[in-house]
Structures are given as structure tokens and as C-alpha cells.
Amino acid sequence: MINQLKRSYRILPPKINKRRFIPVFLFVLISSWLEALGVGVIFPLVKVIADPSSVQNSGLLSTIHAALGAPGQGAFLQMLTAAVLLIFVIKNTFYVFMMNFNLRVVKESEAALCEELLLGYLKAPWADHLKRNSGDLLHSIMIAPRQVHVSVIWPALEVIVEILTLLTIGVLLFVADPTMTFAATGFVAVALIVFLKVIPPRMAALGMATVRIGKLSMIAIQQALGGVKEAKVLGREKYFWQVFSKEAKARAIVERHQKILQTISRPVAETVLMAGMLSSILIVLSVDRQGTDVIATLSLFAIAAIRLLTSFNRLATGVAMIRNSLPMLDEIYDDVMGYRSATTQVRDDADEVVAPIEHALSLENIRFQYPGRNEAVLDGISLTIPRGQSIALVGSSGSGKTTLADIVLGLLEPEEGRIVIDGQDVTRQRAWRRNIFGYVPQSIYLLDDTLRANIAFGLSPDEVNGTYLMEAVELAGIQDLVGKLPDGLDTVVGEGGVRMSGGERQRLGIARALYHRPEFIVFDEATSALDSLTERKFSDALDELRGRRTIIFIAHRLSTIERCDKIVLLSAGKVVAEGSYEELMENCEPFRRMALATRNDPSADD
């Protein structure tokens, strides 16, 4: 467990300076001393109450008595009582201050870790996102960091406080009565070791189950809400309810077992501690001692027992919570450390200087294979995209069109081959891709926000350029849509654009890609949801960009690419043919069959 606690310290966000934890540990140490002092001052107070003449027989008490001007017995007892009360006020006030300070540091660290994880996931390579479920990512961002701080880091601080408190009080009791302290310590230590051997491993197993069930529950909710329209149409609501219900019931059982194990720590600790103390008292009473000393010693041990009971309870509960939540730490540790390393690399890449594209972007012998696949999706692709031309990538499903576009966009990195700009190899560089691409996917993701915010995607309201905005609206052909809406560009589209038609969502995505005035625009089946009239208007609008923008089309409907400068036919990850539309219709039989099939398919123009 010590190694795991070290891991929890390593993932503390750089944003939260780790030196801030120095006063945390200092306050913990001071608090433990004050706790021991609060217990220790009871001994002289009880001794004076039981035998006022003991003031003259005790070196410490006689020194304090003389320093106070040798007051009478009643006055000295009042002063001593007031001093004890003051010590308890100081001790508890400092404890509240320490808890507030420590909580502030821990909660700031929790928020910073959530921010760091989200930023890491956003900056992670696209290939990583293809391997991760969004429900897993939500759990790692929103649930795991909180659990690590609430159930690992915070309990660890409490465990340190209680261990130091136990040690300081133990030293105090040893000084007061070694025999009684040895007897109590030996009994309690054996019982505590047995307790820690049994409970924490079980809590760790339940913690792993909690992580697994939490992820499955998150995924079940996402799938139920994400597919609610299809579920209602098909009458499958019960299925999604049953999937979530199964995980919810499993979670309830696991959490019940966790709570039971956490709850029994207090009665077990109380029983063990009281048994140890009572055994020690019997030992003391069996020895012939002066009555005053016995009363004072028993009072000291009684007060210590009450405080130690709290410490044992917190210690046992804290250890159980830590063991229970360590799987949460394991879930995010590799991600956090990996993303920090990747962030350092990205910062290094920020210094790259790449000249703008003057002539052409070339792909040379590109090969790419998805993890877990037996065959390469792209194998030996070579292609030149001259600046200002329009290129279409066509082919049957699975031919590698979208993967090739993703490599151009920088979302995927080729395993072999080079990306060359005007003779310069930029395969491993990122700087040249910044702000030069516009991308229109087949399925448009829309924010639950205004049209304006969706077009100027990722920009705050004061960063939106009005000229760019209206230009994108006009080119995408949504000026009529904006005019019909009561709030115009300030109309909220709803989550996922539920208040818009498929064609309207597609055109809004096109406007988003055009807003930034990109040098390259990639349309991945971007006109598939447009009707024929709108598609022709859009094609006419794109004609104005020809020569000024480099356009890459991925299309099944070949009517959208007839005006392209070059069409590239892909099959099984290889370039089969390339040329103009007329050249391929004349010289390439597979392309001709594809074009004729498209013309004969009524859905191609609807």
C-alpha cells in the first residue's frame, strides 16, 4: 500500500504546487502534539484535585505554582483548570483551522486533476479515442479523481494524523506508567494486526468491483439516452432499463458490503481498546500503589482511551477506505503520467517552424494498420495534392478513404511512409497542420448552444468574427434558415441539434468548417443529408473557392465530385486509378460501374 500512496502523491497536479503540502504535514505534526498535550494536562489536574498537597511533592507542579506567585490551593486549582480549558480551546481551534486548510488544498488538487485529465484526453492521439469508450472516459474524469482525493489522499492525511497522535500519546502514557502502557499496547497491537490483515484485502476487492460496475453503469446510461429515439420506435426501452438495472443492483450490493466493513471498524476498535485498557487497569490495581497516584494514572488512561478510541476508529476506517479506492488510482495513474509526458512533447513541437504550403502536399508510400486488425487499411498509398485543387477520394466501404483523410488531417500517424510539403518531410511534425484544415464529417456534432456558437466552434462570444460568420452562413446556404428563426443566429439548437433537420445539421457543420477560412477543407460524406437542389447550390458556392482553397472530398454520391480536378479510386487500401471524372469514366471500368450504379440509385439524388 505504501507504493500506491507514493503513486497518489505523484499524480498530484503540477498546477497545485507540491510544496503546498509541506504546511499540510507540518500542521498534522502540530495537531498530534496538541492532542497529546490535551491528554497529558489531565494527569496533573486530577492529581491536584485528589490531593492538593501533591503540588509540593511534584517538581513540575511546584515550579508552576511558584511561577504563579504561590497562590492558595483553591486559586491554584482554578488557574490550573482554566489553563486546561485554554489548552483544549487552542487544540480544537487549531484542528478546525488545519482541517479547513487541508481540505482546501485537497479539493483544489481534485479540481486541477479533473482539468488535467480532460485536457489530456482532448490532446490524446485520435487512435487512443478509437480504443476507449466515452463512458470510461467520463468515469475517469468525473468519478475517479474525486475518489482518489476523497478516499485515498484525504484518508492518508487522516491516517498520518492518527498515527502521530497514537505515537505521541503512547510516549506520554509510557512516561506516566510503563507497565500499564506495555500491557495495553501489546494487547491492542495483536488485535490491530489481525484486523488489518482481514479487512483491507476484502475492501480492495470490493473497490475493483466498484470501478468495473461504475464504468458499466455509465456506459449503460449513455447508450440508453443516446439511442432513446430508436429505442422508442422499436419498443426496446425495457432492454436498456434492464441493462442499467442489473448494474445498479450489483452496485448496491457492493456498496452495502463496503459500508458494513467500514462500519464494523468502530465497534471492533472500541472493543479491542477497552479490553486492553481494562486489562491494564487490573494490572495497576494488583500492584500496591499510593491512592492518589492510582486515581491520577487511571484518569490519564481513561482520557487517553477516549481519544485513542477516536484515533483507532479513524485509522481503521482510513486504511479500509484507501484499500477500497486504490483501483480508482490505478485507473487514472497511467493516463495522467502518460499525458504529462505527451504534453512535454507537444510543448517541444510548439517550437517547430514550417513554411506555408506553396505548391503541393504529397503522401509517399503510406501504410497504416489499426491495432487488432490483421491487414493494413492503407498499403503503399502515394498521392500528390496540388495547392488550390479539388481532390475526391472514392471507393467502396472499407477501401481506406476516411483513414487516408484522417492521416492528412493529422488524426492518425502512418506506420510507414512520409508526408511531404514542398519537398520537406513533415510526417512527425504538427505545426504545419495548425489552423489550415476545415473538416465536415458525415455525422455532425452540435453543441446545446446557439447557431452562432456552433458555427464559431470552440470560440468565446467576444472572439467571434462577424465577417467570417456571415461569410460561412452564406457559403453553407443557411441564410434562409437563419432568417426564419425568431432569434436568428442566437437560436439554441438543442442537444445534438434535435430541433433541426438532418440537412440543416449538415449545412451547419459545413458553415463551421468554412468559418475559419481554412486552406484545406475535407468533406467526409458531408453532402449526404442534403437534397439535390441544396447540394447543387452548395457545389456552385464551392466553385468560388476553387483555386483559392484545397478541397478533399470523400463521397459515395459521385454527382458531388464531377467538377473535381482529380478523382482517386481506392480499393483494399491501394490507389487503383486517378484522373478527372471524364478520364475515369472512359478508362476505368470499376469507376464507370460505380458511377452508373449511383445514377440508377434513386436515393443518390434524394
Side-chain angles (χ1 to χ4, degrees), residues 356-366 368 377-397 399-410 414 417-423 426 432-433 436-440 510 513-514 518-528 535-536 538-599 604:
I357 301 175
E358 295 290 342
H359 303 292
L361 168 67
S362 299
L363 308 176
E364 298 180 356
N365 297 315
I366 296 295
F368 182 83
V377 181
L378 300 176
D379 190 7
I381 294 284
S382 293
L383 177 66
T384 297
I385 306 174
R387 185 177 185 273
Q389 289 197 5
S390 55
I391 308 295
L393 304 178
V394 300
S396 59
S397 297
S399 59
K401 304 184 299 296
T402 298
T403 302
L404 183 58
D406 287 346
I407 287 178
V408 173
L409 289 168
R418 302 194 309 160
I419 301 175
V420 178
I421 294 178
D422 300 335
V426 295
W432 68 274
R433 293 187 174 101
I436 71 167
F437 282 108
Y439 175 59
V440 187
I510 293 170
L514 295 172
E519 184 176 336
F520 279 73
I521 308 175
V522 178
F523 294 95
D524 189 353
E525 297 288 349
T527 61
S528 59
E535 183 183 8
R536 278 192 286 272
F538 177 69
S539 296
D540 292 339
L542 285 183
D543 284 339
E544 299 180 11
L545 296 176
R546 296 185 192 277
R548 293 185 293 159
R549 298 286 186 273
T550 305
I551 302 173
I552 302 174
F553 279 102
I554 300 173
H556 284 294
R557 286 164 55 169
L558 301 189
S559 58
T560 61
I561 61 171
E562 292 184 11
R563 305 180 192 181
C564 287
D565 297 307
K566 181 165 65 174
I567 298 172
V568 179
L569 177 63
L570 298 176
S571 179
K574 297 178 181 293
V575 174
V576 176
E578 58 180 288
S580 66
Y581 185 88
E582 292 77 13
E583 289 172 344
L584 292 182
M585 284 293 290
E586 181 177 351
N587 302 319
C588 183
E589 181 61 28
F591 181 82
R592 185 163 52 249
R593 287 198 304 268
M594 186 184 301
L596 293 175
T598 302
R599 290 176 181 176

Taking every non-hydrogen atom, the tightest pair across Val440 and Ala513: CG2-CB, 3.3 Å
Closest approach of Ser399 to Lys401 (non-hydrogen atoms, all atoms of both residues): OG-CG, 3.4 Å
Minimum heavy-atom distance between Leu569 and Pro590, given as atom pair plus value: CD2-CB, 4.1 Å
Side chain to side chain, Val575 and Leu570, heavy atoms closer than 4.5 Å: yes
Spacing of CG belonging to Asp565 relative to CD1 belonging to Ile551, to within rounding of 0.5 Å: 9.0 Å
Mutual orientation of the aromatic rings belonging to Tyr581 and Phe591 [parallel < 30°, tilted 30-60°, perpendicular > 60°]: perpendicular
Arg418 CZ to Ser362 OG distance, which is reported to the nearest 0.5 Å: 9.0 Å
Donor-acceptor under 3.5 Å (Arg592 side chain, Met585 main chain): yes
Side-chain (Asp379) to main-chain (Lys574) donor-acceptor, under 3.5 angstrom: no
Between CD on residue Glu589 and CE on residue Met594, distance to nearest 0.5 Å: 11.5 Å
Test side-chain contact (heavy atoms from CB on, under 4.5 Å) applied to Phe553 and Ile567, step by step: CA-CA 9 Å; Phe553 279 102; Ile567 298 172; over 6 Å; no
Distance, nearest 0.5 Å, that separates CG of Leu514 from CZ of Arg549: 9.0 Å
Derivation of the side-chain contact (heavy atoms from CB on, under 4.5 Å) call for Ile521 and Thr550: CA-CA 6 Å; Ile521 308 175; Thr550 305; over 6 Å; no
Non-hydrogen side-chain atoms of Ile419 and Leu363 separated by less than 4.5 Å: yes
Heavy-atom pair of closest approach, residues Ala360 and Pro386: CB-CA, 3.9 Å
Value rounded to 0.5 Å, distance of CD in Glu583 from SG in Cys588: 11.5 Å
Nearest non-hydrogen partners of Phe368 and Pro414, listed with the distance: CD1-CA, 4.3 Å
Residue list, side-chain hydrogen bond (donor to acceptor under 3.5 Å, both in side chains) with Glu582, at least two apart or on another chain: none
Residue among Leu393, Leu383, Leu584, Ile561 satisfying side-chain contact (heavy atoms from CB on, under 4.5 Å) with Lys566: Leu383
Test item: Asn365 side-chain N/O and Gly417 main-chain N/O as donor-acceptor pair under 3.5 Å: no
Could you pull out every donor-acceptor pair under 3.5 Å between side chains of residues 402-409 and any protein atom, sequence neighbours left out?
residue	atom	partner	partner atom	Å
Thr402	OG1	Asp524	OD2	3.4
Thr403	OG1	Tyr370	OH	2.9

Shortest non-hydrogen contact from Ser571 toward Val576: CB-CG2, 3.4 Å
Rounded distance (nearest 0.5 Å) linking atom CZ of Phe520 with atom CD1 of Ile385: 6.0 Å
